[in-house]
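Structure first, then comments.
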Number of protein chains: 2
Amino acid sequence: MPRLKGADRRTLILEAAERTILRKGLAAATTRDVTSDLGVAAGLLAHYFSWSALRAAAFSHVIGADIERSVTGRMGEAPETVLSDLVDGAFSVEADALWRLWLEATELGSSDPALADAASRGTDRWQAGLSSLLARGRAAGTWACPSPDESSWRIIAILLGLAGLCLIPGSPLSRDAATHHLRIAVRHECGTSA
Amino acid sequence: MPRLKGADRRTLILEAAERTILRKGLAAATTRDVTSDLGVAAGLLAHYFSWSALRAAAFSHVIGADIERSVTGRMGEAPETVLSDLVDGAFSVEADALWRLWLEATELGSSDPALADAASRGTDRWQAGLSSLLARGRAAGTWACPSPDESSWRIIAILLGLAGLCLIPGSPLSRDAATHHLRIAVRHECGTSA
DNA sequence: GACTTTGTTGAGCGGTTGCTCAATTGAGCA
DNA sequence: TGCTCAATTGAGCAACCGCTCAACAAAGTC
């Protein structure tokens with residue numbers, strides 16, 4: 001309810017949208033969820049954003065922050081440490097919401113161009129980060145990995161695939177099993193270690 | 001509009017539902033889509049099915065038929081032929097609708113127990129079929145493959161993951177690239193060939 | 001042919017959604 | 001203090017959804 005300058009209100013709404021999609025998912029989240037999170041009238045959101053644009057921006061921001069936290073922002077650390085942490089935390093409970101966003105963005109992207117664009121750009125950033133991580137490890141002699149650019153695509157694919165299998169209620173694949181499979185796939189791509 | 005015995009009407013509705021979800025996807029399909037496909041009043045559907053149950057049954061039937069067509073029903077053929085066809089056709093245009101169903105079932109499963117159950121059972125059938133295919137190939141000496149049961153999970157995961165990447169409009173990954181990555185992943189799992 | 005049974009109709013209910021817009025509020029300024 | 005105008009409100013619109021239900025129509029039975 002406090003009165004704010006336009007730009008500040010925009011960022012507050014964006015942050016509320018990020019919380020909302022993390023809690024309810026991209027498909028189930030509504031404009032009213034966001035405004036009630038802020039304690040603000042329903043009409044205010046449409047004054048600053050279209051729902052389609054806001055939702056895509058929130059998705060982009062959330063996954064961008066996660067890529068930064070887990071890969072891009074750790075360029076100074078040993079590649080094997082970064083990759084190992086990535087594998088260990090991939091299917092933790094806290095990661096569920098993020099995987100859900102990825103899967104939903106893929107699906108909703110077919111009817112929401114803004115979301116499709118955000119998913120496409122996010123994937124590119126992710127792949128680029130992972131690829132340079134693998135290249136660093138190869139350069140350091142930590143592991144073989146003839147083609148970091150290709151390996152990163154396969155690792156992303158198996159991450160997304162295993163995550164989807166884990167997200168099915170009454171899941172046919174446990175988190176531990178998924179982590180195990182991911183570790184082996186990564187070993188296939190990196191030659192040794194991980 | 002012709003008058004039918006209950007059981008016949010049920011199968012007609014189920015078939016129409018299958019066509020509908022293949023055309024529009026699980027999330028976008030509506031009960032009215034199905035009844036108008038049959039040229040029948042909207043109220044008739046609810047007389048035979050709940051939408052949740054019908055949608056899950058249609059999904060289960062569609063993917064069951066595909067697993068039968070591509071794996072389970074080809075138990076008499078050479079394992080390498082079956083696997084090779086699987087890889088070649090995985091990301092064809094015709095397969096798009098099926099992959100979309102898998103991804104949507106995963107997502108909608110979190111709010112639709114019937115769909116979650118169908119996805120879970122479908123995954124199990126798929127994994128069992130693929131696992132026995134790999135086991136047959138190993139027994140025939142076609143390829144190494146120390147653990148068909150584990151390899152089948154990883155192949156399914158990378159199939160789902162690559163399919164999701166291909167489905168994003170303005171896709172960051174082309175069909176050919178996806179097929180290439182799948183082929184290499186399968187080679188990793190099977191040792192030689194494929 | 002009268003009567004029951006059952007498949008079928010379609011208007012409409014109750015609920016949800018993103019978004020509109022006239023009215024209201026309050027901060028900034030003369 | 002009074003004026004201005006952007007920020008905010010919230011009832012409500014239009015569209016969509018699955019599903020209900022009283023009414024109708026066609027077999028089946030005697």
Side-chain angles (χ1 to χ4, degrees), chain A residues 1-18 20-21 23-59 104-105 107-116 118, chain B residues 1-18 20-21 23-59 104-105 107-116 118:
Chain A
M1 0 260 229
R3 236 174 140 74
L4 294 176
K5 310 205 81 166
D8 296 335
R9 178 59 78 194
R10 283 183 72 89
T11 66
L12 278 185
I13 292 178
L14 179 58
E15 289 168 3
E18 294 174 28
T20 301
I21 64 174
R23 198 177 64 245
K24 303 195 56 172
L26 287 170
T30 68
T31 58
R32 282 170 177 82
D33 288 332
V34 176
T35 54
S36 81
D37 173 291
L38 282 174
V40 133
L44 192 59
L45 190 146
H47 185 69
Y48 291 97
F49 298 94
S50 78
W51 178 229
S52 163
L54 176 60
R55 193 173 58 168
F59 168 75
E104 290 188 309
E107 187 224 320
L108 296 176
S110 65
S111 61
D112 184 335
L115 216 39
Chain B
M1 22 276 216
R3 235 179 138 74
L4 294 177
K5 309 205 82 165
D8 295 336
R9 180 58 78 193
R10 283 183 72 90
T11 66
L12 278 186
I13 291 178
L14 180 58
E15 289 168 3
E18 295 174 29
T20 301
I21 64 173
R23 198 178 64 245
K24 304 196 52 173
L26 287 170
T30 69
T31 57
R32 283 170 176 84
D33 288 331
V34 177
T35 54
S36 81
D37 174 290
L38 281 173
V40 132
L44 192 59
L45 190 147
H47 186 68
Y48 291 96
F49 298 95
S50 79
W51 178 229
S52 162
L54 175 60
R55 193 174 58 169
F59 168 75
E104 289 188 310
E107 189 223 318
L108 295 175
S110 64
S111 61
D112 184 334
L115 214 39

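Given the structure is predicted, the values throughout are model-derived calculations rather than measurements.
To the nearest 0.5 Å, atoms CG (B:L108) and CG (B:L26) are separated by 6.0 Å.
Atom CG in A:L44 sits about 15 Å away from atom P in C:dG18, given to the nearest Å. With rounding to whole Å, B:R55 atom CZ is found 10 Å from D:dC19 atom P. For B:L45 and C:dT9, the CG to P distance is 12 Å, given to the nearest whole Å. The distance between atom CG of B:L38 and atom C1' of C:dG7, rounded to the nearest whole Å, is 14 Å. When rounded to the nearest whole Å, the span between CG of B:L4 and C1' of D:dG28 equals 16 Å. Nucleotide D:dT9 holds its P atom 7 Å from the CZ atom of A:R9, rounded to whole Å. One interatomic measurement links the two molecules: CG of B:L108 to P of D:dG18, which rounds to 12 Å at whole-angstrom precision. When rounded to the nearest whole Å, the span between CD1 of B:I13 and C1' of D:dG18 equals 14 Å.
Looking at heavy-atom distances under 4.0 Å, A:A29 makes contact with sugar-phosphate atoms alone, never a base. B:Y48 comes within contact range of the sugar-phosphate backbone alone, with a heavy-atom separation under 4.0 Å but no base atom that close.
Nucleotide C:dA30 has D:dT1 as its partner under the Watson-Crick or G-U criteria, with both atom distances under 3.5 Å.
Here the side chains of B:T35 and B:L38 are not in contact, with every heavy-atom distance at 4.5 Å or above. Between B:E104 and B:L115, every side-chain heavy-atom pair lies at or beyond the 4.5 Å cut-off.
A sub-4.0 Å separation between OP1 or OP2 of D:dC16 and a side-chain N or O of B:R32 is absent.
The A:T30 side chain lies nearest to C:dT17 when the options are D:dC19, D:dT9, C:dT17. For A:V40, the listed nucleotide lying nearest its side chain is D:dT9; candidates were D:dT9, C:dG10, D:dC19.
The 5' end of DNA chain C is approached more closely, in terms of each residue's nearest nucleotide, by B:G43 than by the other of A:H47 and B:G43. Comparing B:W51 and A:A7, the nucleotide of DNA chain D nearest to each residue sits closer to the 5' end for A:A7.
With no hydrogens or angles considered, no side-chain donor-acceptor pair links B:D37 and B:T20 at under 3.5 Å.
The side-chain tip of B:R10 points at the ring of B:F49 from less than 6.0 angstrom away and within 45° of straight on.
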